[in-house]
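To keep things clear, I will list the structure first and then write my remarks on it.
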Amino acid sequence: MYPAVKAEIAELISSALAEAADRGLLPAAELPPLEFQIPREAGHGDLATNAAMLLAGRVRRPPAEIAGVISELIGERLSGRDMISRVEADPRRGFLNFFIAPSAVQAGLVRLLASSGGFGNTAAGGSRKVLLEFVSANPTGPLTVAHGRQAAVGDVLANLLTAAGFEVCREYYLNDRGRQMKILGRSVYLRRRELAGEEIDFPADHYQGEYIRSLARRIPDPEEGWTGIGEEEVVEYCGDWASASLLEMIRGELKDFGVAIDSWVSEKEVVASGGVKEALAELSARGHSYEKDGALWFKSSDFGDEKDRVLRKSSGELTYLSSDIAYHRGKYGRGFSSLIDFWGPDHHGYIARLKGSMAAFGLDPEILEVVIVQLSTLYEGKQKLSMSTRLGEFISLRQVLDKVGKDAARYFFVRRRKESHLDFDLELARKQTNDNPVYYVQYAHARINSIFKKFQESAGEDLPDFAAVDLAPLTEPGELELVRKLMLFPEQVESAALGRNCHLIPAYLEELAALFHGYYSANRVISEDRKLTAARLALSRGVQMVLAEGLCLLGVTAPESM
RNA sequence: GCGCCUGUAGCUCAGUUGGAUAGAGCAUCGGAUUUCUAAUCCGAGGGUCGCAGGUUCGAAUCCUGCCAGGCGUACCA
């Protein structure tokens, strides 16, 4: 609805401007691109533009005077048009405030009701392919709360991008190789020996968590027996088995968290397939690497990094960076217009070198977009929960899921800007009261369902065909405000997707729910007036559809009853 | 030292490309249910937008400099 109205307003203003010039009311001037905003106050109309302020410099008149002339001339043209009912000029600053005609608002609702889902979808993406890599936790332990937030934000962004017309692939990069794997293998191996009765001085830099003991208890004997092969092979055996079983656990956690990964890429395979060798050879061929102190270095300082980075250690081992470079180089050949990575805040220093490496290959580093998601702190009411990973005391995503459930967990993780550190109060997320925003939104959805049930019971008839209902009876300010809010949904989805601002969706849903709860308290949907009842049922249905769609984008259920 | 993020009501935070009197929830206080779910609604109080300059019709928003907090600054991942 709004795009059409905006186009209409632009046309009205430019023709008013031309006429003003003809009549000598204002000097001739070209209209700059219009900027619109939705006024906070009802008295300022439904849509406002600052056209007069933008023109002030060009025509050398005060904004308020220009606005007055324009609104006067537009006012003369409004009869016969059905989108705009009225225009007013703000006499102080020069805003032009437009009031959208109720019939135009109602027409928007008809479109929503006639849609069968996907009302919020837009074509902004033009079916371009986007690769979204997120979570990507090492298979060395359970997913943490930090992973949980990344998973929630990443998954919701994927949903939003899909709704905005992109084709999204969710990818998980598995760091199943390297130092951490060795430490994992050793950790399990040592715990295993401990279980066998040996006194072990467990190293502080090994994985301390209780889950390591549990793995050590469950690990099957190697074919050759525990002593039949060398210690190095035993450790490798332990590492392989442990990472495989931890991966199974992670898959289960993601599944229960509502996250479906489309593509799993193993670091081991990237190395084994020769991808790393190839990438290093090309870097060298392009003259962007060199040997020093027995190590191979990437000249990342040529690409905006603060210093050069090691690709292959003097020990001969590959660094994580080299396989990551190879992995990301591979992403470029897969036909994506955009490559998005989700990383924790402790990795932000890594951005320059990775993007630099893409530039070193002659690839466009702008295609690669790194999104940093800040950490969360868990609370039980006022009490802060310990997050020490070293001691293995961290709260896992699984524990959060057990405590508050998938809906609340996902909703809370997404609710804040990703740049903000999140305070996640488990006690609040569990509460079934009005201070819990998840329930607040879900309740609005369920409440509407209850109205429908009540109507069917008391009237003894089926719900009307909503798309065919005459909406003319919807004239209350609260009703039109609700519809206008509904019409904003597609823009909101698109803006959240393009700006990677998932938190806009919970905010929007809470506002919509608040409008509906308020409307519900002040007005009765079901009444003696059959036409009004039908129109209000249709309005409620529209609200319910958008709530359900928004919750679906968040991966949160929209309950029929609560 | 340098880099990234953050600083808005007692608390947790919104605030689109600079726009009208800076908003919401919680907490506090006061109200609302013979009527479709009170997991709801209505109202009140509460602010030097970290500080100081600058840019302009106009700054929480942009620029510069400070202050405070978090994270990073590995031949770890």
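These figures come from a predicted structure and were not determined experimentally. Quick note on labels: first sequence line is chain A, next is B, and so on, each numbered from 1.
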Checklist outcome for this item: Taking B:A20, B:A14, B:U37 as options, the one with an atom nearest any side-chain atom of A:Asp90 is B:A20
Next on the checklist: Centroid distance below 5.5 Å plus an interplanar angle below 30 degrees: do A:Phe95 and B:G19 meet both conditions?
Outcome noted: no
Item to check | Whether A:Tyr327 and A:Tyr173 hold their rings parallel, tilted or perpendicular, with breakpoints at 30° and 60° | outcome: parallel
Checklist entry - Do any side-chain nitrogens or oxygens of A:Arg415 fall under 4.0 Å of OP1 or OP2 in B:G25? => result no
Checklist outcome for this item: Between CD of A:Glu369 and C1' of B:C4 the distance, given in whole Å, is 16 Å
Next on the checklist: Within the 4.5 Å heavy-atom criterion, are A:Ser376 and A:Asp423 side-chain neighbours or not?
Outcome noted: no
Next on the checklist: Could you tell me how far B:C26 sits from B:G69 if I compare only their C1' atoms? Round to whole Å.
Outcome noted: 24 Å
Next on the checklist: Nearest to the side chain of A:Arg524, heavy atoms from C-beta on, is which of B:U35, B:U12, B:C5?
Outcome noted: B:U35
Item to check | Side-chain donor/acceptor of A:Thr377 to backbone N/O of A:Phe424, under 3.5 Å | outcome: no
Checklist entry - Which nucleotide, in any strand shown, forms a Watson-Crick or G-U wobble pair with B:U56, with both distances under 3.5 Å? => result none
Checklist entry - Taking the side chain of A:Ile451 as its heavy atoms from C-beta onward, which of B:C36, B:A20, B:A39 lies nearest to it? => result B:C36
Next on the checklist: Once you apply a heavy-atom cut-off of 4.0 Å, does A:Ala352 come out as touching a base, just sugar-phosphate, or nothing?
Outcome noted: nothing
Checklist entry - What is the pairing partner of B:C66, taking Watson-Crick or G-U wobble pairs with both distances under 3.5 Å in any strand? => result B:G50
Checklist entry - What distance, rounded to whole Å, do you find between the two P atoms, one in B:C2 and one in B:C66? => result 8 Å
Item to check | Footprint string (nucleotides 71-77 of chain B, 5' to 3'): B base within contact, S backbone only, - free, heavy atoms under 4.0 Å | outcome: BSSSBSB
Checklist outcome for this item: In whole angstroms, the gap separating P of B:A39 from CG of A:Asn436 amounts to 13 Å
Next on the checklist: So A:Asn501 and A:Leu504, do their side chains get closer than 4.5 Å, heavy atoms only?
Outcome noted: yes
Item to check | A:Arg93 side chain near B:U21 phosphate (N/O to OP1/OP2, under 4.0 Å) | outcome: yes
Checklist entry - Out of B:C36, B:U37, B:A20, which has the shortest distance to the side chain of A:Val525? => result B:C36
Checklist entry - With rounding to whole Å, what would you report as the distance between B:G53 and B:A9 at their C1' atoms? => result 26 Å
Next on the checklist: If you compare every side-chain N and O of A:Ser521 against the phosphate oxygens of B:U37 (OP1, OP2), does one of them come in below 4.0 Å?
Outcome noted: no
Item to check | Whole angstrom value for the distance that separates C1' of B:U37 from CD1 of A:Ile526 | outcome: 12 Å
Item to check | Nearest-angstrom distance, P atom, B:A38 to B:A22 | outcome: 35 Å
Checklist entry - Which one, B:A20, B:U12, B:C57, comes nearest to the side chain of A:His44? => result B:A20
Checklist entry - Which of the following nucleotides, B:C57, B:A39, B:G15, is nearest to the side chain of A:Leu504? => result B:G15
Item to check | Candidates B:G19, B:C13, B:C41 - which lies nearest the side chain of A:His517 | outcome: B:C41
Checklist outcome for this item: Using Watson-Crick geometry (N1-N3 plus N6-O4 or O6-N4) or G-U wobble (N1-O2, O6-N3), each under 3.5 Å, B:A14 is paired with none
Checklist entry - Using purine N1 to pyrimidine N3 plus N6-O4 or O6-N4 for Watson-Crick, or N1-O2 and O6-N3 for G-U wobble, each under 3.5 Å, what pairs with B:C71? => result B:G3
Next on the checklist: Without decimals, in angstroms, what is the distance between A:Tyr519 OH and B:C36 C1'?
Outcome noted: 11 Å
Next on the checklist: Does a side-chain N or O of A:Arg417 approach OP1 or OP2 of B:C5 to a distance below 4.0 Å, or not?
Outcome noted: no
Checklist entry - Taking C-beta and beyond as the side chain, do A:Ile451 and A:Arg536 meet within less than 4.5 Å on heavy atoms? => result no
Checklist entry - What nucleic acid atoms does A:Pro39 come within less than 4.0 Å of, heavy atoms only: base, sugar-phosphate, or nothing? => result base
Next on the checklist: So that I know where these two stand, are A:Phe36 and A:Phe98 an aromatic pair - ring centroids less than 6.0 Å apart?
Outcome noted: no
Next on the checklist: Between P on B:A14 and CG on A:Asp423, what's the gap in Å once rounded to a whole number?
Outcome noted: 11 Å
Checklist entry - Taking only side-chain nitrogens and oxygens of A:Arg61, does any of them come within less than 4.0 Å of OP1 or OP2 of B:C57? => result no
Item to check | Main-chain N/O of A:Ser396 paired with A:His147 side-chain donor or acceptor, under 3.5 Å | outcome: no
Item to check | Base B:A20 to side chain A:Asn97, donor-acceptor N/O within 3.5 Å cut-off | outcome: yes
Checklist entry - Can you tell me how far P of B:U16 sits from CG of A:Asn50, to the nearest Å? => result 15 Å
Next on the checklist: Does A:Ser458 reach a base, just sugar-phosphate, or nothing at all? Heavy atoms under 4.0 Å.
Outcome noted: nothing
Checklist entry - If you look at every strand shown and take non-hydrogen atoms under 4.0 Å, does A:Phe36 touch a base, only sugar-phosphate, or nothing? => result base
Item to check | Gap between atoms CG and P, on A:Asp425 and B:C11 respectively (whole Å) | outcome: 16 Å
Next on the checklist: Using a 4.0 Å heavy-atom cut-off, does A:Ala446 contact any base of the nucleic acid, only the sugar-phosphate backbone, or nothing at all?
Outcome noted: base
Checklist entry - Under 30°, 30 to 60°, or over 60°: which ring-plane class applies to A:Trp297 and A:Tyr290, parallel, tilted or perpendicular? => result parallel
Item to check | Complementary nucleotide for B:A9 - Watson-Crick or wobble, under 3.5 Å | outcome: none
Next on the checklist: Measuring only the P atom in each nucleotide, how far is B:G25 from B:U61? A whole number of Å is fine.
Outcome noted: 25 Å
Next on the checklist: For a quick check of understanding: with a heavy-atom distance under 4.0 Å over all strands, which category does A:Asn523 fall into, base, sugar-phosphate or nothing?
Outcome noted: base
Checklist entry - Has the side chain of A:Asp529 got a donor or acceptor atom that lies under 3.5 Å from a matching backbone atom of A:Leu532? => result yes
Item to check | Spacing of A:Tyr520 atom OH relative to B:A39 atom P, expressed in whole Å | outcome: 10 Å
Checklist entry - Between B:U17, B:U12, B:A39, which one does the side chain of A:Glu35 approach most closely? => result B:U17
Checklist outcome for this item: Paired with A:Glu317, the salt bridge (Lys or Arg N to Asp or Glu O under 4.0 Å) test is passed by just one of A:Arg312, A:Arg179, A:Lys182, namely A:Lys182
Item to check | C1' spacing across the pair B:A44 / B:A27, given as an integer number of angstrom | outcome: 14 Å
Checklist entry - Charged N to carboxylate O below 4.0 Å: is that the case for A:Arg500 and A:Glu419? => result no
Item to check | Earlier contact from the 5' end, RNA chain B, for A:His421 and A:Gln374 | outcome: A:Gln374
Item to check | Pair partner, B:C41 [Watson-Crick or wobble, under 3.5 Å] | outcome: B:G31
Next on the checklist: Mind checking if A:Phe455 touches a base, just sugar-phosphate, or nothing, with heavy atoms under 4.0 Å?
Outcome noted: nothing
Next on the checklist: Work out how far the P atom of B:U8 is from that of B:G50, and round it to whole angstrom.
Outcome noted: 6 Å
